[in-house]
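In this text, all values refer to a predicted model and were calculated from it rather than measured experimentally. Basis for what follows: all heavy atoms, side chains included, without hydrogens, waters or symmetry-related copies. The chains referred to below are lettered A, B, ... by the order of the sequence lines, with proteins before strands, and numbering in each begins at 1.
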Amino acid sequence: MLWEVEIRPAAGQVDREGERVLAECSGMGLQSVSTVEAARSFILQGELADDVVTEISRTLLADGVVESFSIHQLDAAASDASNSSNGSHLLNVLFKDGVTDNVANSALKAMKDQKVSVEAVATCRKYRINKSASEAEIARLSAKVLSNDAIEHVVSGTLQMNRISLGGEYKFKLTHISIRQMDNAALEQLSKDGQLYLSLEEMRTIKQQFVDLDRDPTDVELETVAQTWSEHCSHKTLAGRISYEDENGPRQFGNMLKETIFAATVSIRESLGDDDWCISVFKDNAGIVEFDDKQSVCIKVETHNHPSALEPYGGANTGLGGVIRDPLGTGLGGRPVCNTDVFCFGPPDYPHDDLPRGVLHPKAVAHGVVAGVRDYGNRMGIPTVNGAVYFDERYLGNPLVYCGNIAMIPVGKSEGKVSPGDLIVAVGGRTGRDGIHGATFSSGELDEDSEMRSAGAVQIGNAITEKMVMDVILEARDRELYSAITDCGAGGFSSAVGEMGEETGAEVWLDKCPLKYTGLSYTEIWISEAQERMVLAVPEANVDEFSKLCSSEDVEAAVIGRFTDSERLVLKYNENEVADLTMAFLHDGRPPVIRKASYKPEEETPLAVPAKDRFDDDLKSILGSLNVCSKEWIIRQYDHEVQAGSVVKPLVGVNRDGPSDAAVVRPELESNRGLVISCGMNPRLGDEDPYWMAASAIDEAVRNCVAVGADPSRIAILDNFCWGNCEREETLGTLVRAAIACQDVAVAFGTPFVSGKDSLNNEFSYEDENGEKQTVVIPSSLLITALGQMDDVEQAVTMDVKAAGNKLFLIGTTFDELGGSHFALVNGLEGGAVPIVDLDQAPEIFAAMHKAISGGLVESCHDLSEGGLAASAAEMAFAGGLGVTLNLAALVETSNIDSDAVLLFSESNTRFLVEVSEQKAAAFAERFNNLPCVEIGVVNDGDQCSVAGTSGQTVIESSIEELRQVWKQPLAW
Amino acid sequence: MAARRQSAYQRKVYDFLMATPRVCVLRAPGTNCDPETAHAFEMCGAKAERVHLLRVLEEPTVLSGFQVLCIPGGFSYGDDIGAGVIFSSHLRGRLSDALHTFLTADKLVLGICNGFQTLLKSGILPDGAAGITTDSDSERDTTLTWNDNGRYTSLWVNLANLSSNNVFLRGIDQIEMPLAHAEGRLVVRDPSILETWRQNGQAALCYCSPPAVSRDESTGNCNADHWLTAELEYPLNPNGSFANIAGLGDATGRVLGLMPHPERFIHATQHPEWTRRKLRGDGDGLKLFRNAVEYFG
């Protein structure tokens, strides 16, 4: 029997979902849609009497205070009025087969706990649209608002079903691929059709391997090689040979990353000698550094761009879920303490009708991505404390979603070691068809048909499962029940077991893996990227205790194989051997990737500053621009205080709406030692010069960290490169140039890179109206994440001005650097010099700033970034609810600049605006002996942000309330 | 002599144990505020133990060894079919007898956020011991459901204590705390229930505006009842709760459920304006935990 329980808002209750959909309709101009009534339903399969269904609906499924429900049988002659269209268009939105349905799974389990004999549950969303709505607009509504056909399908009219699909039959059949007979064309076809994304040379190497072995590979062997050799898993481009050339001549890299970014860390560690505070860098799932004598701290930032383009909610959801598993699978397991997220979207007001086929509207993408991160982080109980959002039209078809996680690892638990004989134990979620080919898919480029081709790649997470897994893993770690751990990420078991067993060998029993449903082939089990799974090496003697621990918390654990000393990867399905590869071929057999890269610096053109008397409008345009404006709509949806470690929140000040430079978190409740988390990124500068873009991103991340009180000698940084297709020489050239800057700046600052990740091929191709192929490449997007530390969180400062009468100091030198600035953006100006970084002076400024803050001399401090001095002063004023008066004439002497526009809006690096009390002003200024430090204004008890220009005239005088409103309004969704 | 010395020693141990209440911080799959909640109790001198629901379901009598039961915040069972619904179905089922015994003894029960949702949906709030044995055919009259703005919301609120008898709120007039939830809007079937709650001191915590409201010295009651009828909009009443109610007690004053998180204000540095107000030391949220511990002192 199949029952449907339909649940609607009770009389007098607001139908929020209906209202939301109607608002979307009017936004899209669907004028014939005038009423939308939303309902949700549970579909229950089982031999159930109607009174049982009624009782379970009343006590479990519906909330009788605010909802009403009705039940009817779906498989009976469907004549029940409540299921009929009832004089309106009825649309039912159901998940496609195999898509994770967390609500249905929880409902099923809860009903079984109550001894209800239900076999399966599915959920459905139902919408009743006014009869007069046009078919065309309803079709548009279904496709664009009600459902995402990557995961859902819409059934129009009365729902008719006979049973809930529960997987299918699977009959074992070993498949061989006759690769030895294939010519080049056939090899390339195989790579493409099989979604292997391997180059011809790689395919030829595989062919030769099997010619030498005198046999054909099985399908799962070929898949295993493709996963291991994918860009996503092996970073073959950036860690490969690159022949680079720029204005300084040619340079050959044997391993580009190793010779730039890793090299910086190596040289910093060498110069620190015994004071080296890095523990594990660039080798595990996350980088680890020292924290105190009991705990180390580790950090990782990942991207989940292509999945988020197709299904923003699921993509971002599993993006955060995935990066949380990185620290959890680092060393012997870290306890996550906070998350970060940075997003890049297309403009939210982009016209619906101009969207290329296959592209979701950027506002829908933003909504989905934010909800995805929100639901995972909040449910895991990990605060999301720092982030940023950037908008650019080039992110339209290829948005970026960066998620980071920071975790604590007890001292001495930073390394695991697999021993032959250890059992391979899979813990957590079951394996389904979700996420097949994610690793290889993410290594290719997006186009309008990606959605069709990669439906299997779309995953939906279950944060509660991961939370439960985390709880048992941390307990098992402390009881020393396992010897090594890693997460199942891209490539699934294939990557996890392949990496863990690289030095030893492994035999895996694929038939022992717990499955979500029947019907999966051995290959699907092996490469599935189903979420919330970890792989552990458990010594045989500990397996019973480990299993008992798991079952005491209702976590599933299964022994799926054993690590061996054979240095081979052997896969079995029941008695059948389905793969036998040497670890050597898998990990070292890939032919080196050799690429060319070149960079030609653009001729710098002057930027013509428009002549103006007043700059109030420029300031307001900048504060109201999408990259600068308040992100409160996002921040308030995140729990940033769970775990009770919050010290400096994302929003601060008298109205709790001023933008913090960085988050301060106390990771151990008993200690006052703090972590400081910030980021730096400026894709706009990448269009001008990738070297200074990278340098500026590092400077920004570090100065944000220092601005709240971090010790600059203890800041670790991470790189995340999101770039276009690096097979193009000039695209790779910009990346290499940015990597060289990373090396130079990291060494100058003494700020080691401890981990990083790259995501290449961030492009979107589509056919325009003339049938021509258009490719949109994202801006070069380098995110730098900084992880700082402070001895005592009570020394932290926030950016809101505190009291009238306090003095304002500008620290750092202002240069004529309006190139790529927001002043140029809002005025439509081209050219100009981009901000550079003074590699000698910057570290001295950071050190002096830190001494001033830790010495208690600073009332508030804000870094200068987009919008320069004017934007920072305005933000500090409205955050503190007090007036500020600045005098630009004070800057003329040190900067040698007399242009008000440049002094107000230049985005020169390494600058802070600092509030100091009158009594401490002298002591403060003394800290900056020989460093640029100018008293530039005062805090007053008025309500204006006032700036006097170089010749004394008023150049800005705006009310702080008005500035606050223009800053808050754009994304107040 | 030896016997008497031992007896004195035993008495000392007994006194010590009685003054150190044992707190059961009950966690279900998806509960996530249990460590900091246990920590808050321990800071105030209690002995707090994080206990998994599965363990209690196996052996409901474990509860009898505790003086305080606390259901902390989080997303029990993912809140997948409504906040606290599945957790509360376990309380109403196999644990109802043990809970009834617990509630009729001179013991305390605290539910924070998801814990409040769970207590409310189990019937323990607002009816206390009577609620957990109520015939399951009767309909609940009160619920916590989706915020007016339709989404998860995280911010700090001002709260007024309206209850003269709730143990957890002793000595508190107004208090600030953070909240973070999607389903925190209190809805009742029949608004007339407010009068009963008011008389019993059950409408315990209300969202309010910042200026302090003083206690009416002559009656010992709060004249803060004003907040029950005040028109407060977001963000003062962030979810649109009926009568601005943020926390409910039972009639005995030994049970409290609240949406805001006192365990997230145990250090002054957790306050959003600590750098402005130059706050140091303990946070005000500790008062609720200290009251619970002192009840057994």
Side-chain angles (χ1 to χ4, degrees), chain A residues 13-14 16 20 42 58-61 63-66 102-103 105-107 109-110 113-114 371 374-375 378-382 462-464 467-468 552-554 635-649 651-654 656 666 669-670 793-794 796-798 800 802 860 880, chain B residues 27 29-33 35-37 39-40 43 52 54-55 73-82 85-86 89-90 92-93 121 136 139-143 145-146 148 150-156 178 180 182 187-189 235 261 263-270 272-276 280:
Chain A
Q13 295 292 324
V14 180
R16 257 167 258 285
R20 179 190 74 83
F42 290 88
R58 195 178 66 78
T59 57
L60 201 64
L61 302 179
D63 183 336
V65 182
V66 290
N102 292 320
V103 174
N105 293 340
S106 287
K109 192 159 188 308
D113 280 347
Q114 298 196 6
R374 173 194 70 201
D375 286 354
N378 293 355
R379 279 173 163 70
M380 283 289 288
I382 304 170
N462 184 333
I464 300 306
K467 163 76 170 130
M468 293 161 73
S552 77
E553 306 231 347
D554 211 7
I635 293 166
R636 293 262 172 252
Q637 295 190 60
Y638 294 162
D639 189 345
H640 44 264
E641 307 195 68
V642 62
Q643 298 193 13
S646 173
V647 176
V648 173
K649 302 181 202 304
L651 294 170
V652 295
V654 65
R656 292 118 199 228
R666 179 205 307 256
L669 290 165
E670 296 84 6
V793 294
E794 293 192 351
V797 298
T798 53
D800 47 317
K802 303 296 188 300
S860 69
Chain B
R27 66 194 180 97
T31 298
N32 60 33
C33 302
E36 57 267 38
T37 306
H39 180 74
M43 278 176 83
H52 201 286
L54 287 181
R55 163 104 182 82
F75 286 83
S76 56
Y77 300 92
D79 284 356
D80 282 335
I81 50 176
V85 168
I86 298 179
S89 75
H90 287 297
R92 279 204 320 266
K121 290 175 183 180
S136 71
E139 297 276 347
R140 267 193 296 117
D141 293 322
T142 313
T143 195
T145 187
W146 279 88
D148 258 349
R151 58 177 180 258
Y152 192 96
T153 301
S154 149
L155 47 74
W156 278 64
V187 179
V188 296
R189 266 184 219 276
H261 287 271
E263 84 284 7
R264 296 182 186 180
F265 191 21
I266 54 177
H267 302 298
T269 52
Q270 289 163 324
E273 288 181 57
W274 72 271
T275 58
R276 300 187 69 75
R280 293 290 188 279

Basic-acidic side-chain contact under 4.0 Å: Glu273(B), Lys649(A)
no
Using every non-hydrogen atom in the two residues, find where Asp80(B) and Ser106(A) come nearest and quote the distance to one decimal.
OD2-OG, 2.5 Å
I'd like to check Leu669(A) versus Met43(B) (side-chain heavy atoms, cut-off strictly below 4.5 Å). Are they in contact?
no
Spacing of CD belonging to Gln637(A) relative to OG1 belonging to Thr153(B), to within rounding of 0.5 Å
7.0 Å
Are any side-chain N or O atoms of Glu36(B) and backbone N or O atoms of Gln643(A), one a donor and one an acceptor, separated by less than 3.5 Å?
yes
Does the side-chain hydrogen bond (donor to acceptor under 3.5 Å, both in side chains) test come out yes or no for Ser646(A) and Arg264(B), once each step is laid out?
CA-CA 8 Å; Ser646(A) 173; Arg264(B) 296 182 186 180; over 6 Å; no
Looking at side-chain heavy atoms only, is the closest gap between Cys33(B) and Val642(A) below 4.5 Å?
yes
Minimum-distance pair of heavy atoms, taken over all atoms of Ser154(B) and His640(A)
OG-CE1, 3.4 Å
Flag the pair Tyr77(B) / Ile464(A) as yes when at least one side-chain heavy-atom distance between them is below 4.5 Å, and no otherwise.
no
Part of Arg55(B) within contact of chain A (heavy atom distance under 4.5 Å):
neither
Keeping the roles fixed (side chain from Trp274(B), backbone from Val647(A)), state whether a donor-acceptor pair exists under 3.5 Å.
yes
To check you understand the geometry: which heavy-atom pair defines the closest contact between Arg656(A) and Pro272(B), and what is its length?
CZ-CG, 3.6 Å
Do Tyr152(B) and Asp639(A) come within less than 4.5 Å of each other through their side chains, counting heavy atoms only?
yes
Atom of Gln13(A), atom of Val187(B) and distance for their closest heavy-atom approach:
NE2-CG1, 4.0 Å
Atom of Ile81(B), atom of Leu60(A) and distance for their closest heavy-atom approach:
CD1-CG, 3.7 Å
Donor-acceptor side-chain pairing of Glu641(A) and Trp156(B) below 3.5 angstrom
yes
Can you name the nearest heavy-atom pair linking Asp141(B) to Val65(A), along with the distance?
C-CG2, 4.1 Å
Would you say Arg276(B)'s side chain and Gly653(A)'s backbone share a donor-acceptor pair under 3.5 angstrom?
no
Are any of the side-chain nitrogens in Asp79(B) or Arg379(A) under 4.0 Å away from the carboxylate oxygens of its partner?
no
Do Leu54(B) and Asp554(A) come close enough that some side-chain heavy atom pair is under 4.5 Å?
yes
Judged by atom type as modelled, is there a donor-acceptor pair below 3.5 Å linking the side chain of Gln270(B) to the main-chain atoms of Ala644(A)?
yes
